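These numbers come from a predicted model, not from an experiment. Positions are given from 1, in the same order as the sequence printed here.
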Amino acid sequence: MPDLANRVVELAREYHIPTNLISLELTESIMVEDYNWLKQLIADLSANGIEVSIDDYGTGYSSLYFLSQLPFTELKIDRSFVRDLPKSSRHQSIVRATTDMARSLGVMVVAEGVESEEAESLLRRYGVDVSQGYYYSRPLPFSQYQAYVERMDSAQPSTVIRERNRRSSSG
């Protein structure tokens with residue numbers, strides 16, 4: 001779709017959604033299909049305040065050169081590296097190196113597929129920003145998700161909530 005960025009911006013305006021609240025996930029494999037189109041797309045989205053996440057990192061054929069040239073804001077480490085993290089020193093090395101690389105690029109790191117406390121602990125130690133997976137919750141219907149979020153917000157210490165509010169109001 002040659003005019004994807006403009007279409008996303010038009011839809012955001014039509015539905016009165018601030019573009020800074022939109023984050024699009026692009027799978028890593030799209031980087032090899034049409035790199036020049038992808039680079040322009042990410043630049044156009046970024047220029048309109050839309051964040052771009054590279055999903056399933058580590059499963060495709062992207063090169064570090066491609067990653068160094070694209071203005072994405074988030075890198076999602078694929079679950080295939082996270083699921084067995086506590087048992088695999090090779091996966092630990094890959095996740096740690098990926099996290100270090102992403103941080104040096106100023107990119108947020110998300111780990112997909114967290115299924116155990118041990119994996120969460122390792123990810124926290126490596127400096128991963130966000131983790132997601134069955135360890136936290138199975139997929140939920142929206143009404144149950146809302147109740148889950150309210151429960152989690154009320155369970156967090158007030159210093160965490162204040163810090164989150166400070167970050168969201170300063171950005």
*asked:* Test of understanding: with side-chain contact (heavy atoms from CB on, under 4.5 Å), list the residues that count as partners of Q146, not counting sequence neighbours.
replied: F142
*With sequence neighbours left out, what residues match T98 under side chain to side chain donor-acceptor pair (under 3.5 Å)?*
none
*Any side-chain heavy-atom pair of V110 and V128 under 4.5 Å*: no
_Full working for side chain to side chain contact (heavy atoms under 4.5 Å, CB included) between V107 and I54_ = CA-CA 10 Å; V107 173; I54 303 297; over 6 Å; no
_Partners meeting salt bridge (charged side-chain N to carboxylate O under 4.0 Å, His left out) with E115 (sequence neighbours left out)_ = none
*Would you confirm whether T19, through its side chain, and I50, through its main-chain N or O, come within 3.5 Å as a donor-acceptor pair?*
no
*Any residue meeting side chain to side chain donor-acceptor pair (under 3.5 Å) with E25, in chain and number order, not counting sequence neighbours*: K76
*So which pairs with a foot in residues 40-52 pass salt bridge (Lys or Arg N to Asp or Glu O under 4.0 Å), sequence neighbours left out?*
none
*What distance do E112 atom CD and S131 atom OG have between them, rounded to the nearest 0.5 Å?*
10.5 Å
*Does N6 have any side chain to side chain donor-acceptor pair (under 3.5 Å) partners at least two apart in sequence or in another chain, and if so, which?*
D3
*Please check if Y126 and V130 belong to a single hydrophobic cluster, counting links between Ile, Leu, Val, Met, Phe, Trp and Tyr side chain heavy atoms closer than 4.5 Å.*
no
_Please tell me whether Y135 and V149 are part of a single hydrophobic cluster in this structure, the criterion being side-chain heavy atoms less than 4.5 Å apart._
yes
*asked:* Restricting to side-chain contact (heavy atoms from CB on, under 4.5 Å), what partner residues turn up for K87, sequence neighbours left out?
replied: none
*May I ask you to decide if S89's main-chain N or O and S93's side chain share a donor-acceptor pair within less than 3.5 Å?*
yes
*Should K39 and L70 count as side-chain neighbours, where that means a heavy-atom distance under 4.5 Å?*
yes
*Just jot down the side-chain contact (heavy atoms from CB on, under 4.5 Å) partners of R103, sequence neighbours excluded, or say none.*
T99, D129
_All salt bridge (charged side-chain N to carboxylate O under 4.0 Å, His left out) counterparts of R124, not counting sequence neighbours_ = E120
*In the hydrophobic cluster built from side-chain contacts under 4.5 Å, what are the other members alongside Y134?*
none
*Consider only side-chain N and O atoms of D55 and S53, and report whether a donor and an acceptor are under 3.5 Å apart.*
no
*asked:* Can you list everything that forms a salt bridge (charged side-chain N to carboxylate O under 4.0 Å, His left out) with E118? Sequence neighbours excluded, please.
replied: none
*Does the side chain of T73 reach to within under 4.5 Å of the side chain of M108, using non-hydrogen atoms?*
no
*asked:* If the condition is side-chain contact (heavy atoms from CB on, under 4.5 Å), which residues does L11 pass it with, not counting sequence neighbours?
replied: R7, E14, Y15
*Do L140 and Y136 share a hydrophobic cluster (ILVMFWY, side-chain heavy atoms under 4.5 Å, transitive)?*
yes
*asked:* Is the shortest side-chain heavy-atom distance between M101 and L75 below 4.5 Å?
replied: yes
*asked:* Using every non-hydrogen atom in the two residues, find where S46 and P71 come nearest and quote the distance to one decimal.
replied: OG-O, 3.4 Å
